[in-house]
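Structure record follows, encoded as structure tokens.
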Amino acid sequence: MRIEVNHEGEVLSVESESPMTISELLNQLEIHSSTVLVVHDDTIVPHTSRIESDISLELIVVSSGG
């Protein structure tokens, strides 16, 4: 399966033979899960969601601080 990720104006692509979670995808891309929201079709997707087929996702950077 092919996973495309739009992150800060760049499209990243991951190929996988087996299903993976959003968290596993972010780890593979070396993106800390606490720094982004994952969006698919204008809906925020939990990091525990399982990807089982071709998909296009968008990452929204979350800023935090105090």
Side-chain angles (χ1 to χ4, degrees):
M1 86 185 134
R2 182 179 177 88
I3 305 165
E4 290 189 351
V5 179
N6 186 335
H7 179 55
E8 297 184 327
E10 183 179 354
V11 177
L12 309 171
S13 190
V14 173
E15 297 281 340
S16 178
E17 294 291 323
S18 59
M20 67 171 51
T21 64
I22 298 288
S23 291
E24 291 168 335
L25 171 66
L26 293 174
N27 284 338
Q28 187 170 338
L29 294 173
E30 298 181 354
I31 297 172
H32 293 282
S33 61
S34 63
T35 65
V36 294
L37 294 175
V38 181
V39 178
H40 175 63
D41 288 338
D42 296 325
T43 302
I44 296 174
V45 181
H47 291 178
T48 56
S49 297
R50 191 170 172 92
I51 303 168
E52 298 183 354
S53 61
D54 292 353
I55 193 168
S56 181
L57 302 169
E58 180 180 358
L59 301 184
I60 299 175
V61 176
V62 178
S63 59
S64 61

**OP:** Check whether any side-chain N or O of H7 sits under 3.5 Å from a backbone N or O of E58 as a donor-acceptor pair, and report yes or no.
**Re:** no

Pair up each side-chain donor or acceptor in residues 8-16 with any protein partner under 3.5 Å, not counting sequence neighbours, and list the distances.
from	atom 1	to	atom 2	distance (Å)
S13	OG	R2	NH1	3.3
S13	OG	R2	NH2	3.1
E15	OE2	R2	NH1	2.9
S16	OG	S18	N	3.3
S16	OG	S18	O	2.6

Original post:
Please, which pairs that meet side chain to side chain donor-acceptor pair (under 3.5 Å) have at least one residue in residues 41-51, sequence neighbours excluded?
Top reply: R50-E52

**OP:** Drop me the distance from I51's CD1 to M1's CE, to the nearest 0.5 angstrom.
**Re:** 6.5 Å

**OP:** Kindly work out whether a path of hydrophobic side-chain contacts (I/L/V/M/F/W/Y, heavy atoms less than 4.5 Å apart) joins V62 to V36.
**Re:** no

Original post:
How long is the gap from CG on L57 to CG on N6, to the nearest 0.5 Å?
Top reply: 10.0 Å

**OP:** Please examine the side chains of V38 and L25, heavy atoms only from C-beta on, and report whether any two atoms are closer than 4.5 Å.
**Re:** no

Show every donor-acceptor pair shorter than 3.5 Å between a side-chain atom in residues 26-33 and any protein atom, with sequence neighbours excluded, or say none if there are none.
from	atom 1	to	atom 2	distance (Å)
N27	ND2	S23	O	3.4

